[in-house]
Amino acid sequence: GINAEYGPVHITSITTLEEMNEKSGTHVEMARLRPNIVVKGSKPGAEGFWKVIRIGDQLELEQTFMNPRCGVVNALDGKLNSKVYDTLYKQGPFKDTRNRPCFGGYWKVLRQGVVHVGDKITLLKSMESNITGPYSLTKQFVVGST
């Protein structure tokens, strides 16, 4: 699909999702956002300012594009919840230039490597100077998984 044009890896943050759920009073499941990698330990929204990261000892990724969300997030396992997109729109951390809610980002691989749950994430380049790490993974990385 079009996602692969931006980058084969989709990264989101559990703390960003938890903050959005708390602010909105709803419960959006991470599975609706379909990430390859879920980060824990970062400040809510911090991942939107990361530019280049290293996971573990080898894998290096560069963020290419924030992930604009659409109504597909309302569907999970054949069930619809129309409040999910509304929550992302009203409480999500970012909006793109067309005012679509964004959650997570697409990343391209700069240097290949194997990663595991619990691997440290080192921030190599940021779009903002006050973002720091290290962080750790909460989901095993498998390119192309859903």
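Computed from a predicted model, the values in this text were never measured in an experiment.
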Asks: Looking only at heavy atoms, which two atoms of Asn67 and Arg69 are closest? And how far apart?
Replies: ND2-NH1, 3.0 Å
Asks: Nearest 0.5 Å, what's the NZ-CD distance between Lys23 and Glu18?
Replies: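 If I round to the nearest 0.5 Å, the distance is 13.5 Å.
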Asks: State whether the side chain of Arg111 and the backbone N or O of Gln58 hold a donor-acceptor pair below 3.5 Å, judged by distance alone.
Replies: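 Yes; at least one donor-acceptor contact below 3.5 Å.
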Asks: Measure the spacing between OG of Ser126 and CD of Glu47 and express it to the nearest 0.5 Å.
Replies: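 Separation between the atoms: 11.5 Å.
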Asks: Give a yes or no on whether the backbone of Thr15 and the side-chain of Lys40 come within a donor-acceptor separation of less than 3.5 Å.
Replies: no
Asks: Measure the NZ-CD distance between Lys51 and Glu62 for me, rounded to the nearest 0.5 Å.
Replies: 4.5 Å
Asks: Say you draw a straight line from CG of Leu123 to NZ of Lys125; how long is it, rounded to the nearest 0.5 Å?
Replies: 11.0 Å
Asks: Would you say Leu33 and Val38 are hydrophobically clustered, going by side-chain heavy atoms of ILVMFWY under 4.5 Å?
Replies: yes
Asks: Do Pro35 and Met30 have side chains that approach each other closer than 4.5 Å (heavy atoms only, starting at C-beta)?
Replies: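 A side-chain contact under 4.5 Å exists here.
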Asks: Quick one: NZ on Lys95 to CG on Leu88, what's the gap to the nearest 0.5 Å?
Replies: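 One gets 9.5 Å once the value is rounded to the nearest 0.5 Å.
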Asks: For Tyr106 and His10, take the angle between the two ring planes, folded into 0 to 90°, and tell me which bin it lands in: parallel under 30, tilted 30 to 60, perpendicular over 60.
Replies: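 Tilted.
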Asks: For Asp57 and Arg54, which heavy atoms make the closest approach, and how far apart are they?
Replies: O-CD, 3.7 Å
Asks: Taking Trp50's backbone N and O only, do any of them form a donor-acceptor pair with Gln63's side chain (distance below 3.5 Å, no angle check)?
Replies: yes
Asks: Would you call Leu61 and Val52 a side-chain contact if the rule is heavy atoms closer than 4.5 Å?
Replies: no
Asks: Measure across Gly104 and Met66 and return the closest heavy-atom pair with its distance rounded to 0.1 Å.
Replies: O-CE, 3.4 Å
Asks: Could you tell me whether Glu29 atom CD has more than 12 heavy atoms of other residues or ligands within 6.0 Å of it?
Replies: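 More than 12 heavy atoms, drawn from other residues, nucleotides or ligands, come within 6.0 Å of this atom.
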Asks: So which atom in Thr64 and which in Gly7 form the shortest heavy-atom distance, rounded to 0.1 Å?
Replies: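 Where Thr64 meets Gly7 most closely, the heavy atoms are OG1-N, 4.2 Å.
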Asks: Does Val109 belong to the same Ile/Leu/Val/Met/Phe/Trp/Tyr cluster as Ile53, with side-chain heavy atoms less than 4.5 Å apart forming each link?
Replies: yes
Asks: What's the verdict on side-chain contact (heavy atoms from CB on, under 4.5 Å) for Asp119 and Leu59, showing C-alpha distance, side-chain angles and the deciding distance?
Replies: CA-CA 11 Å; Asp119 278 353; Leu59 181 67; over 6 Å; no
Asks: Please report the closest heavy-atom contact between Phe103 and Ser13, naming both atoms and the distance.
Replies: CZ-O, 4.2 Å
Asks: Nearest 0.5 Å, please: how far is CG in Leu124 from CG in Leu110?
Replies: 9.0 Å
Asks: Asn21 versus Thr26: any side-chain heavy-atom pair under 4.5 Å?
Replies: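 Counting from C-beta outward, Asn21 and Thr26 do come under 4.5 Å.
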Asks: Evaluate the side-chain proximity of Ile37 to Trp107: yes if any heavy-atom separation is below 4.5 Å, no if none is.
Replies: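 Counting from C-beta outward, Trp107 and Ile37 never come under 4.5 Å.
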Asks: Say whether, by atom type as modelled, one donor and one acceptor occur between the side chain of Arg34 and the main chain of Arg32 under 3.5 angstrom.
Replies: yes
Asks: Determine whether Val117 and Val114 fall in the same hydrophobic cluster, where Ile, Leu, Val, Met, Phe, Trp and Tyr are linked whenever their side-chain heavy atoms lie under 4.5 Å apart.
Replies: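 Looking at the clustering, Val114 is in a separate group from Val117.
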Asks: If I compare all heavy atoms of Cys102 with all of Pro68, which pair ends up nearest, and what's the gap?
Replies: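 Smallest interatomic distance, heavy atoms only, reads SG-CA, 3.7 Å.
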